[in-house]
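Residue numbering restarts at 1 for every chain, and letters A, B, ... go by the order of the sequence lines. From a predicted model like this one, the values you see are computed outputs, not experimental measurements.
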Number of protein chains: 2
Amino acid sequence: MTNIQNIRVAVDAIVFGYQNNQLYVLLIQQKFGTEELYWALPGGLVQNDEALQDAVKRELKEETNVTVNYFEQLFTFGDDIKRDPRNRVISVAYFALVDPSKLTIKADSDADHAQWFKIKEVPPLAFDHNNILKKAIERLKAKLTYEPVGFDLLAKEFLFSELENLYCTILEKEIDRRNFRKKILSFEIIEETDQYAPSKSGRPAKLFKFNKLKYNKLTKKGFHFEIKFA
Amino acid sequence: MTNIQNIRVAVDAIVFGYQNNQLYVLLIQQKFGTEELYWALPGGLVQNDEALQDAVKRELKEETNVTVNYFEQLFTFGDDIKRDPRNRVISVAYFALVDPSKLTIKADSDADHAQWFKIKEVPPLAFDHNNILKKAIERLKAKLTYEPVGFDLLAKEFLFSELENLYCTILEKEIDRRNFRKKILSFEIIEETDQYAPSKSGRPAKLFKFNKLKYNKLTKKGFHFEIKFA
DNA sequence: CCAAAAGTGTTTCAGCTACACCCATGA
DNA sequence: TCATGGGTGTAGCTGAAACACTTTTGG
């Protein structure tokens, strides 16, 4: 029991994107053992002099060429000793939300092995990554209802219908358009722009944007974002 | 950058107790360097073949002689590379709630260096442990409002006034007795017993108990515990 | 003028808030 | 009989839920 500790520390990134009523997650192709190819969450070992946060950002950049400036710690997976059959590895998982402009991966050294997957079409992943992803989706769903994170998945300027569909899609619920709009507008954290979206059919729709500064101010005063559904 | 990873993995336990309108946390006295004594959260290095959960339980038992069967993972502290000035150590923090019967520490080999501290009288702790504790208190406050965890801090049979005071004390808020009682009772997850508490003065009070089975059943049906305050 | 999506108000109902008096016991 | 804490009901208000028609554009 007094032998030297031999546990490796890794980080994994769950990066979510959203486009066309679909939630996406960013995966990489990984060689596992000698032959089989698996899809996996981006991630890797932490360096000795590196903050955990920095490690995720670095690994993500290296493996997918995507940069993200805010990661939230999700959970540390380390109860299953054989989660990586080669060594004892614990993994600190982080998740991030990116806007649609990042959904096209810029070609790069390693990035050609990276790909966005629709959340409903994620294949069996390496290690316990399906499990990690599941936990991340739960967290995302929860956060949508008590923090204004939906905006992080949309372009800077967005349509109300996009926001509404995002909530419907991710939470897998039906929402009353009028009540949803009323509720969101009542928070006074999003603003109309004088822009209209190009519309193929139907009445043109106003573009809105999220006022993060105002949200932060309100939060300090005790405001609490919350969306509930039946 | 291809040198061997040299990061140690530790676990720390934040164990909360409650008695006489006071929230307590369990600390141990730790030798730091050669001379100075510091109070610290119970914890230590994870063994190679040991689940993180098991590591916390073991360390807690060894250091304080307290056993806890449910720990919830709080957060992993590993962004500050010098949080332990001796080595790079990341710590996975877990927290637990224990009932008042555990507030008297049974003497044991190491347990004589363990002590319960009122939350308002916690001294400066080793490493970043004050910071960890702060985060744990925040989490506890949050959980009180959306999960029925208050009962874990009380004896099996408790008075309504105890539950009420627990909420007031920990959340540092005033509560209307009538509304609180109505709200809690409306959930139908606690039951009267036919016992009365020995009363020194005033009308004797009924003892209640939490029906965890019923709570679990309700939860499966979509019930959601929630207490809000003005 | 038709199809398609955007925009908008009102009524109803449930649950939260605020609030004050009587009850059972021991000293 | 008094002091102490336990136990209880109601009225008003606020916010959620349910619900359908009009507007603007392109084809």
Side-chain angles (χ1 to χ4, degrees), chain A residues 19-21 144-146 148 154-155 157-169 171 173-209 218 222-230, chain B residues 19-21 144-146 154-155 157-169 171 173-209 218 221-230:
Chain A
Q19 202 167 45
N20 296 126
N21 296 350
L144 268 184
T145 70
Y146 64 80
L154 296 173
E157 308 208 328
F158 56 87
L159 304 178
F160 231 106
S161 56
E162 290 172 331
L163 184 63
E164 187 196 314
N165 284 324
L166 184 148
Y167 271 83
C168 293
T169 305
L171 297 178
K173 298 216 173 147
E174 302 261 304
I175 306 174
D176 181 275
R177 273 170 56 221
R178 282 170 291 187
N179 290 339
F180 180 77
R181 191 180 180 113
K182 231 183 305 173
K183 182 72 179 165
I184 297 278
L185 287 176
S186 75
F187 293 147
E188 297 186 305
I189 56 176
I190 75 168
E191 290 163 0
E192 283 187 23
T193 67
D194 44 9
Q195 304 291 102
Y196 284 79
S199 77
K200 323 166 218 293
S201 81
R203 177 172 171 174
K206 283 179 207 154
L207 283 164
F208 288 82
K209 58 180 177 185
L218 286 169
F223 164 74
H224 190 62
F225 180 93
E226 183 154 34
I227 306 267
K228 291 197 190 178
F229 299 97
Chain B
Q19 202 167 47
N20 296 128
N21 296 349
L144 268 185
T145 70
Y146 64 78
L154 295 173
E157 309 208 326
F158 56 88
L159 305 177
F160 231 106
S161 56
E162 290 172 330
L163 184 63
E164 187 196 315
N165 283 323
L166 184 149
Y167 270 84
C168 294
T169 305
L171 297 178
K173 298 215 174 149
E174 302 260 302
I175 308 176
D176 181 276
R177 271 168 58 221
R178 281 171 291 188
N179 290 339
F180 181 76
R181 190 179 181 114
K182 233 182 306 172
K183 181 73 181 164
I184 297 278
L185 287 175
S186 75
F187 293 147
E188 298 186 307
I189 54 174
I190 77 168
E191 289 162 3
E192 284 188 22
T193 67
D194 45 9
Q195 304 290 101
Y196 283 80
S199 77
K200 321 167 219 294
S201 81
R203 176 172 172 176
K206 283 180 207 154
L207 284 163
F208 289 82
K209 59 180 176 185
L218 286 170
K221 288 180 194 158
F223 165 73
H224 190 63
F225 180 93
E226 182 152 37
I227 306 267
K228 292 198 190 178
F229 298 100

Under 3.5 Å, side-chain donor or acceptor atoms of residues 181-192 of chain A against the rest of the protein: list the pairs with distances, not counting sequence neighbours.
unit_1, atom_1, unit_2, atom_2, d
K182(A), NZ, N179(A), OD1, 3.2
S186(A), OG, K183(A), O, 2.6
E191(A), OE2, N211(A), ND2, 2.7
E192(A), OE2, K206(A), NZ, 3.2

dT8(D) P sits how many Å from E164(B) CD, rounded?
13 Å

Going by side chain to side chain donor-acceptor pair (under 3.5 Å), name the residues that satisfy it together with N21(B), two or more places apart in sequence or in a different chain.
Y18(B)

Counting only heavy atoms not in Y146(B), do more than 12 sit closer than 6.0 Å to its OH atom?
yes

Considering non-hydrogen atoms only, spot the tightest contact between A197(B) and P204(B) and give its length.
O-CB, 4.3 Å

Answer whether the closest heavy-atom distance between the side chains of L163(A) and F180(A) falls below 4.5 Å.
yes

Gap separating the OG1 atom of T193(B) from the CZ atom of F208(B), nearest 0.5 angstrom:
8.0 Å

For N20(B), the side-chain contact (heavy atoms from CB on, under 4.5 Å) test, sequence neighbours excluded, returns none

Mind checking salt bridge (Lys or Arg N to Asp or Glu O under 4.0 Å) for E157(A) and listing every partner two or more places apart, or none if nothing turns up?
none

Just the atom pairs and distances: protein N or O near nucleotides 12-15 of chain D's N or O, under 3.5 Å.
none

Provide, to the nearest angstrom, the distance between the CZ atom belonging to F180(A) and the P atom belonging to dA18(D).
16 Å

Write down the protein N/O and nucleotide N/O pairs, taken from nucleotides 7-11 of chain C, whose separation is under 3.5 Å; answer none if there are no such pairs.
unit_1, atom_1, unit_2, atom_2, d
dG7(C), OP1, K206(A), N, 3.1
dG7(C), OP2, R181(A), NH1, 3.0
dG7(C), N7, R177(A), NH2, 2.4
dG9(C), O6, K182(A), NZ, 3.4
dT10(C), O4, K182(A), NZ, 2.9

Rounded to whole Å, please give me the gap between CD1 in I227(B) and C1' in dT17(C).
14 Å

Please report, rounded to the nearest Å, how far the C1' atom of dA5(C) is from the CD atom of E162(A).
13 Å

